[in-house]
Amino acid sequence: VPTLMLRAANERNNLILEAAVHASVIRREQTREGTTFFRIHELKLERERNGAFALTWTVMHKIDAASPLYGKTTEDLAACFARIAVAISGLDDTLNDTVHARHEYDAAQVVFGSRFVDILSESAAGVRIVDFTKFHEVEPDGTN
């Protein structure tokens with residue numbers, strides 16, 4: 001099943017507890033009467049919560065027949081001025097305060113037929129390392 005994937009990372013040197021993510025597609029639509037407006041379509045995510053967001057999180061939405069992205073191309077998304085809005089919030093375990101992050105992606109930023117390159121590794125001492133220099137890099141996944 002094609003899947004929309006969004007990569008998030010925690011650049012803090014602590015945990016974000018009870019992290020929650022919300023994603024939606026905002027696109028221009030027209031009613032039968034000819035009125036143009038922007039509608040928000042919620043994206044059903046594979047996992048909306050992360051008890052302890054420490055390093056990275058790949059947020060995933062399956063693009064099946066129920067998805068507002070089903071059958072869409074980059075051109076389709078651009079034609080309706082579609083944007084994918086993502087918001088993450090959680091409790092910073094050091095500050096004991098809620099932190100928030102939000103980002104929007106336009107049609108030109110959606111890459112079809114690709115997946116993220118791996119950015120996690122482990123040192124000889126067993127410490128997990130995140131290579132943020134490859135954070136946005138993708139590679140072909142063999143699909144169209």
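These numbers come from a predicted model, not from an experiment.
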Worksheet item: Has Tyr70 got more than 12 heavy atoms of other residues, nucleotides or ligands less than 6.0 Å from its OH?
Response: no
Fill in: Any side-chain heavy-atom pair of Glu29 and His41 under 4.5 Å
yes
Item to complete: Looking only at non-hydrogen atoms, find the nearest pair between Asp76 and Lys72 and report the distance.
Response: OD2-CA, 3.4 Å
Discussion item. Do Leu43 and Phe38 land in one hydrophobic cluster if side-chain heavy atoms of ILVMFWY residues count as linked below 4.5 Å?
Written reply: no
Worksheet item: Looking at side-chain heavy atoms only, is the closest gap between Trp57 and Arg7 below 4.5 Å?
Response: no
Discussion item. Between Leu95 and Arg12, is the side chain to side chain contact (heavy atoms under 4.5 Å, CB included) condition met? List the steps.
Written reply: CA-CA 11 Å; Leu95 301 174; Arg12 301 165 179 267; 4.1 Å; yes
Worksheet item: In terms of hydrophobic clusters joined by side-chain contacts under 4.5 Å, are Ile63 and Ile84 together?
Response: yes
Worksheet item: When you measure from the side chain of Ser123 to the backbone N and O of Ala125, does any donor-acceptor pair fall under 3.5 Å?
Response: yes
Worksheet, complete the sentence: CD1 (Ile88) and CZ (Phe53) are apart, to the nearest 0.5 Å, by 5.5 Å
Fill in: Closest contact, heavy atoms only, Val21 versus Arg47
CG1-O, 3.9 Å
Worksheet item: What pair of heavy atoms forms the shortest contact from Ile26 to Ala85, and how long is it?
Response: CD1-CB, 4.0 Å
Worksheet item: Does any non-hydrogen side-chain atom of Leu77 lie less than 4.5 Å from one of Arg27?
Response: no
Worksheet entry | Residue pair Arg28, Thr36: steps toward the side chain to side chain contact (heavy atoms under 4.5 Å, CB included) verdict | CA-CA 7 Å; Arg28 186 180 67 186; Thr36 301; 3.3 Å; yes
Fill in: Partner set under ring-ring contact (aromatic ring centres under 6.0 Å, His included) for Phe116, not counting sequence neighbours
none
Worksheet entry | Contacts of type side-chain contact (heavy atoms from CB on, under 4.5 Å), residue Glu139, not counting sequence neighbours | Arg115, Val117
Practice prompt. Step by step, work out the side chain to side chain contact (heavy atoms under 4.5 Å, CB included) result for Asn96 and Leu91.
Written response: CA-CA 6 Å; Asn96 198 30; Leu91 182 66; 3.8 Å; yes
Item to complete: State, yes or no, whether a side-chain contact exists between Val99 and Ile16 at a heavy-atom distance under 4.5 Å.
Response: yes
Worksheet item: Under 3.5 Å, is there a donor-acceptor pair between the side chain of Ser24 and the main chain of His22?
Response: no
Fill in: Min side-chain heavy-atom separation Ser114-Asp141 under 4.5 Å
no
Fill in: Value rounded to 0.5 Å, distance of CD in Glu104 from CD in Gln109
10.0 Å
Worksheet item: side-chain contact (heavy atoms from CB on, under 4.5 Å) with Asp64: which residues, sequence neighbours excluded?
Response: Ala66, Ser67
Discussion item. A quick test of your reading: do over 12 heavy atoms of other residues, nucleotides or ligands sit less than 6.0 Å from CZ of Arg128?
Written reply: no
Worksheet item: When you check the gap from the basic side-chain N to the acidic O, do Lys44 and Glu42 get nearer than 4.0 Å?
Response: no
Item to complete: Verify whether one side chain among Glu33 and Thr31 offers a donor that lies under 3.5 Å from an acceptor in the other.
Response: yes
Worksheet item: Going from CG on Asp131 to OG1 on Thr56, what distance comes out if it is rounded to the nearest 0.5 angstrom?
Response: 11.5 Å
Worksheet item: Do Thr98 and Asp92 come within less than 4.5 Å of each other through their side chains, counting heavy atoms only?
Response: no
Worksheet item: If we only count heavy atoms from C-beta on, is the Lys62 to Leu69 side-chain gap below 4.5 Å?
Response: no
Worksheet entry | ILVMFWY network linking Phe135 to Val59, side-chain heavy atoms under 4.5 angstrom | no
Discussion item. According to a hydrophobic-cluster definition based on side-chain heavy atoms being under 4.5 Å apart (Ile, Leu, Val, Met, Phe, Trp, Tyr only), do Leu6 and Val130 belong together?
Written reply: no
Discussion item. On a heavy-atom basis, which atom in Arg49 and which in Glu18 lie closest, and how many Å separate them?
Written reply: NH1-O, 4.4 Å
Fill in: Candidate pair Asn10 and Leu55, rule side chain to side chain contact (heavy atoms under 4.5 Å, CB included), full reasoning
CA-CA 5 Å; Asn10 178 4; Leu55 299 173; over 6 Å; no
Practice prompt. Indicate if Val25 and Ile40 have the same hydrophobic cluster label, given that clusters are the connected sets of ILVMFWY residues with side-chain heavy-atom separations under 4.5 angstrom.
Written response: no
Discussion item. Please find the pair of heavy atoms, one from Val86 and one from Ala23, that lie closest to each other, and give the distance.
Written reply: CG2-CB, 4.2 Å
